[in-house]
Number of protein chains: 2
Amino acid sequence: MTNVVETHASEAPVRRGRGRPRNPETDTRITEAAAELMLERGFDKMTVDDVAARAGVGKATVYRRWPSKEDLAVAAMQEIYSAEIPDPDTGAIRSDLVESFRNVLGFVNSPAGQAYLRMSIAESVRDPRIAALYRASTERAEDQACRMYERAIARGEVRDDIDLLATVQWLGGLLAARAITNRPMPTVDDVEMLVDFTLNGIHAPSPPR
Amino acid sequence: MTNVVETHASEAPVRRGRGRPRNPETDTRITEAAAELMLERGFDKMTVDDVAARAGVGKATVYRRWPSKEDLAVAAMQEIYSAEIPDPDTGAIRSDLVESFRNVLGFVNSPAGQAYLRMSIAESVRDPRIAALYRASTERAEDQACRMYERAIARGEVRDDIDLLATVQWLGGLLAARAITNRPMPTVDDVEMLVDFTLNGIHAPSPPR
DNA sequence: AAACTAACGATACGGGCAGTTCCGATACGA
DNA sequence: TCGTATCGGAACTGCCCGTATCGTTAGTTT
């Protein structure tokens, strides 16, 4: 019939002449409203009518851009997963770890961090596309951590036969486990102990073996 | 009006004479059907009509026992979280760890284990009561693990200043992180390396420090 | 044995929300 | 200025949760 238009509002509009052009600001108003409601209530209790109302647009305007509520949620999460992560490089593995653990624990103990973590977990299990987004976001952080460990291996501080991926994921996994089962997060006061476990494991230092 | 009857089907019926008594087998038929559908499709795509149909009962019979679909889901998960866990005690921390890690990894790599894990994570974030059930289930396993570590501490194999809770949760957390982000689980082949990380951490053995 | 009563399966119905379709109005390009 | 696609608004369909109401059934009480 008419010109076929790509649905996803993310990419360049690639001007096509005829008719009233879409207001690009409307895109961001909708995704911002959706992101707010996702973090406030979660996917289930967020209604598309609410999103449209908060964004000040008609529901049809939402569905003209994203074919389903799930796609809208993906777009909203995509906006959320775009933050910079500090990359400590102090020259020693212990202080690098303390620094980065401190950053992570500070975030996940904030209200925003709590909502972010719970939402990411729940929606990742529900929708593989959100899982991919969350995964990409965490992998950026993990890549940084891997380089941190590799620098330490090059310095001879860390064994070279470790499972690097399991190592960089273990803290995130612990936080996920706590979030899932509704248990208190470790706080910044626990940083020393967590770092010590990473470095030394649990073995008694000398006597046995 | 009439005699008040406790809703939850779990507890003792405490005979009250009049009228046709409830068929207790109906309770289990419903929870079994619900548990199957939860693992097959997840909470969202499970409909109460489907549960009633698979159980061979009327929908009103379901709602006579559980006031909402959420309560039904809780009852279904409660049935799922009632499995025995082996409790290795070989006399050495390394072989205890190898044994228990092997059990866990064997389960989470099975199709049933995958569905179980993903369902538990998703529904725990959605419903705090399911989170409590899942937490209770994992805590039983963690208590066993704690006792295992305490035996090792008593033998002098393990330091006594470790964060026991973080230690017993780290493998579960790693598995959760993999499940959430849709990445491959560690397999039984990785047991040695994971156990080694638990025992020794990542530090290089002797030269530095 | 007969009467009583609550559970049973079946079915219809109300309400909330996802997603669709129409509308008149509007804004931009040709 | 004309054409066209987007805009907000609103009505509508369909699905599913939860309720209400049947006639029937099974066990208790008298």
Side-chain angles (χ1 to χ4, degrees), chain A residues 1-9 13-30 33-34 37-38 41-76 123 126-127, chain B residues 1-9 13-30 33-34 37-38 41-76 123 126-127:
Chain A
M1 281 300 178
T2 82
N3 258 345
V4 173
V5 183
E6 58 273 62
T7 317
H8 285 84
V14 198
R15 84 184 55 223
R16 73 216 159 297
R18 292 211 274 274
R20 175 179 178 175
R22 286 188 185 173
N23 184 352
E25 190 188 340
T26 303
D27 293 17
T28 64
R29 283 226 310 280
I30 294 171
L37 287 167
M38 285 283 281
R41 313 184 192 168
F43 179 84
D44 290 355
K45 302 198 168 187
M46 169 183 93
T47 73
V48 179
D49 295 82
D50 286 341
V51 174
R54 182 171 295 203
V57 305
K59 188 157 68 158
T61 302
V62 175
Y63 278 99
R64 203 172 288 118
R65 290 169 160 75
W66 296 278
S68 73
K69 181 185 171 185
E70 319 243 331
D71 293 87
L72 173 60
V74 171
E123 302 313 321
R126 229 183 34 72
D127 188 320
Chain B
M1 273 309 177
T2 82
N3 261 342
V4 173
V5 183
E6 57 272 62
T7 317
H8 286 84
V14 197
R15 84 182 54 223
R16 73 212 161 301
R18 292 213 272 275
R20 175 179 177 178
R22 286 187 185 172
N23 184 352
E25 190 187 341
T26 303
D27 294 18
T28 63
R29 283 227 309 281
I30 294 171
L37 287 167
M38 284 284 280
R41 312 183 193 168
F43 179 84
D44 290 356
K45 302 198 169 187
M46 170 183 94
T47 73
V48 178
D49 295 81
D50 286 341
V51 174
R54 182 172 294 202
V57 305
K59 187 159 68 158
T61 302
V62 175
Y63 278 99
R64 204 171 288 118
R65 283 147 212 262
W66 295 278
S68 73
K69 181 185 172 186
E70 317 243 332
D71 293 87
L72 173 60
V74 171
E123 303 311 321
R126 227 185 32 75
D127 187 320

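Each chain gets a letter, A, B and so on, in the order the sequences are listed, and its residues count up from 1.
Between Tyr63(A) and Val48(A) there is a side-chain heavy-atom pair separated by less than 4.5 Å. At least one side-chain heavy atom of Arg22(B) sits less than 4.5 Å from a side-chain heavy atom of Arg64(B). Using a 4.5 Å cut-off on side-chain heavy atoms (C-beta onward), Phe43(B) and Asp127(B) make no contact.
If you measure from atom CG of Asn23(A) to atom P of dC28(C), you get 9 Å, rounded to the nearest angstrom. In this structure, Arg22(A) places its CZ atom 14 Å from C1' of dT4(D), rounding to the nearest Å. The distance from atom CZ of Arg54(A) to atom C1' of dG8(D) is 19 Å, rounded to the nearest whole Å. Rounded to an integer number of Å, the gap from Trp66(A) CH2 to dT6(D) P is 14 Å. When rounded to the nearest whole Å, the span between CD1 of Ile30(B) and C1' of dA7(C) equals 12 Å. Atom CG in Leu72(B) sits roughly 14 Å away from atom C1' in dC16(D) (whole-Å rounding).
Checking side-chain atoms of Arg29(B) against main-chain N and O of Ala55(B) turns up a donor-acceptor pair under 3.5 Å.
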What does the list of N/O pairs under 3.5 Å between the protein and nucleotides 17-19 of chain C look like, with a distance for each?
{"unit_1": "dA18(C)", "atom_1": "OP1", "unit_2": "Met46(A)", "atom_2": "O", "d": "3.2"}
{"unit_1": "dA18(C)", "atom_1": "OP1", "unit_2": "Lys69(A)", "atom_2": "NZ", "d": "3.1"}
{"unit_1": "dA18(C)", "atom_1": "OP2", "unit_2": "Val48(A)", "atom_2": "N", "d": "3.2"}
{"unit_1": "dG19(C)", "atom_1": "OP2", "unit_2": "Tyr63(A)", "atom_2": "OH", "d": "3.1"}
{"unit_1": "dG19(C)", "atom_1": "OP2", "unit_2": "Lys69(A)", "atom_2": "N", "d": "2.7"}
{"unit_1": "dG19(C)", "atom_1": "N7", "unit_2": "Lys59(A)", "atom_2": "NZ", "d": "2.8"}
{"unit_1": "dG19(C)", "atom_1": "O6", "unit_2": "Lys59(A)", "atom_2": "NZ", "d": "2.8"}

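Between Met38(B) and Ala73(B), the closest heavy-atom pair is CE-CB, 3.9 Å.
Between Arg20(A) and the phosphate of dT4(D), there is no side-chain N or O to OP1/OP2 separation shorter than 4.0 Å. OP1 or OP2 of dC8(C) has at least one side-chain nitrogen or oxygen of Arg64(B) nearer than 4.0 Å.
To the nearest 0.5 Å, atoms CH2 (Trp66(A)) and CG (Asp71(A)) are separated by 10.0 Å.
Using a 4.0 Å heavy-atom criterion, one finds that Ala52(A) contacts no nucleic acid atom at all.
With distances taken from any side-chain atom of Arg29(A) to the nucleotides dG8(D), dA7(C), dG9(C), the minimum falls on dG8(D).
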